[in-house]
Amino acid sequence: MLAALFDSPPLLIMLVGALVGIASTLVGTFLVLRGNSMLSDAIGHAIVFGIVIVWLLTHRQSGPVQILGAALTGVFTVVLTELLVRTRRVKQDAAIGLVFPVLFSIGVLLLNLYARDVHIDTHTVLLGEIGFVWLDTVTLGDYRVPQALLSMGAMTLLNAAFVGAFYKELKLATFDEGLARALGLAPGVLFYGLLLLTSGTAVAAFDAVGAVLFVAFVIVPPATAYLLTDRLWLMFGYGTLVSILASVSGYGLAVAWNVSIGGMMAVMTGVFLLLAFLAGPRYGLVAQWRRRRGQRRLNEIRTLAVHLYNHEGSPQQHEENVTRALREHLLWDDAKARRVVARSRERRLIERAGEALTLTPAGRELAREILEPGRSRR
């Protein structure tokens, strides 16, 4: 089974894409909930600076030192951003827009000045090429395993271990930082630990998928999950599912249309976000429209009940509590009046005898609750 996996480039490409998505979702969920999702974009670009600095110091293009150095650069990016924010001269979005272009441009300049002949390509860092991950392999036992699969598998396990170990603390620090600080949970340390893992994930992913697809996976699957549920643990589940589906469907469509695999995977995350935005069970546009329509229909039924109750027992009852009077008093056309009467009868709130409309005990009680809201609580 393992031999079949490692001998199948399509499976390896989809697996690496899914692992990038899962690892990114684990850290990106908290960034999205904190409103700091664009920090991932800053980190994804600023790691070029860290990669070049580590190469200048160690002359190594890959390995744990490279990952750690670039990850620390991501944290350094956030520290600089917060220092600018604390001056109260700029807001966070402007601070991010100032810091990461500076670090990225310095990294590009250093790359062109001192590492011109080294295989560190800014285009590869930003865009990557996931279609070639199966070519860069290492030997483990009897198998040749893609390095991207090993690095992303390790980052996925590390991120999962961090989230699992500090789940309650991260949850509290995300939703109530003040309470977390009062309880001595050090939310700042947790946040920087999260950013360190985010930077490490970016570095591990850049050679396979590039920074752009990494940013898409960090932000879009958690945002899609946020539209589908209010429960944190379910957000991880939905985000993981979206990542897997985007990787599989993105690869299939890229092959069918002969386009960029990484680009199509990013597009598919957007497609799933659009579907959640439109058809989400709670926050989707269709669900909101159905709720508004249901509330509007309920208001019409309540209006009819109050109208009938106000004229019940009065000398004008036989003139007012009839279907044709609704057009004059409630400004309803005949079709709407018939629909509201039909729905009210289905709910057994009114009875109809010819044109005459009378309230049932349930309809009368509904009208009283509307007109005397405090009566039932006394």
Side-chain angles (χ1 to χ4, degrees), residues 21-44 71 74-75 77-86 88 90-96 99 155-202 214-243 269 272-273 275-277 279-285 287-288 291:
I22 295 170
S24 301
T25 296
L26 288 170
V27 293
T29 296
F30 293 104
L31 295 179
V32 169
L33 290 174
R34 290 174 62 97
N36 298 130
S37 56
M38 287 310 295
L39 284 176
S40 62
D41 186 37
I43 291 171
V75 177
T77 303
V78 178
V79 172
L80 288 181
T81 300
E82 291 191 351
L83 288 177
L84 284 176
V85 172
R86 288 177 184 176
R88 298 184 180 181
V90 294
K91 294 184 179 180
Q92 187 179 49
D93 55 348
I96 293 173
V99 171
M155 285 308 308
T156 301
L157 292 176
L158 185 59
N159 292 352
F162 179 79
V163 172
F166 300 102
Y167 178 79
K168 293 182 180 179
E169 292 81 359
L170 286 167
K171 183 177 180 180
L172 184 59
T174 298
F175 293 106
D176 196 335
E177 186 176 351
L179 178 58
R181 187 177 293 106
L183 295 175
L185 297 181
V189 175
L190 287 173
F191 181 54
Y192 279 111
L194 186 70
L195 291 175
L196 188 65
L197 289 176
T198 303
S199 301
T201 305
F214 161 75
V215 173
F217 273 129
V218 169
I219 299 176
V220 184
T224 304
Y226 184 69
L227 294 175
L228 297 175
T229 181
D230 290 329
R231 297 192 176 187
L232 181 58
W233 66 273
L234 273 178
M235 283 188 65
F236 291 119
Y238 284 133
T240 297
L241 180 61
V242 169
S243 299
T269 62
F272 288 115
L273 176 65
L275 291 176
F277 180 71
R282 183 170 180 181
Y283 300 110
L285 292 183
Q288 292 182 25
R291 283 197 298 271

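It should be emphasised that the depicted structure is a prediction, and the values quoted were computed from it without experimental measurement.
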Set of side-chain contact (heavy atoms from CB on, under 4.5 Å) partners for T201, sequence neighbours left out | A23, S24, M152, M155, N159, F214
Could you check if a side-chain atom of [X] sits within less than 4.5 angstrom of a side-chain atom of [Y], using non-hydrogen atoms only?
X    : Y    : result
V242 : T25  : no
L185 : L179 : no
F217 : P221 : yes
F30  : L232 : yes

May I have all residue pairs that pass ring pair (Phe, Tyr, Trp, His ring centres under 6.0 Å) and include part of residues 155-189, sequence neighbours excluded?
-> F162-F166
Salt bridge (charged side-chain N to carboxylate O under 4.0 Å, His left out): which pairs involve [range], sequence neighbours left out?
range            : value
residues 168-177 : E177-R181
residues 24-43   : none
residues 229-238 : D230-R282

From [atom1] ([X]) to [atom2] ([Y]), nearest 0.5 Å:
X    : Y    : atom1 : atom2 : result
L194 : T29  : CG    : OG1   : 9.5 Å
L275 : T224 : CG    : OG1   : 9.0 Å
I96  : L84  : CD1   : CG    : 10.5 Å
I43  : S199 : CD1   : OG    : 4.0 Å
L26  : L170 : CG    : CG    : 11.0 Å
L190 : L195 : CG    : CG    : 11.0 Å

Excluding sequence neighbours, so at least two apart, what forms salt bridge (Lys or Arg N to Asp or Glu O under 4.0 Å) with R86?
-> E82
Heavy-atom pair of closest approach, residues [X] and [Y]:
X    : Y    : result
P222 : V32  : CB-CG2, 3.8 Å
A216 : T269 : CB-OG1, 4.4 Å
A287 : P281 : CB-O, 3.5 Å
I219 : M38  : CD1-SD, 4.0 Å

Taking atom CZ of F191 as the centre, report whether more than 12 heavy atoms of other residues, nucleotides or ligands fall under 6.0 Å from it.
-> yes
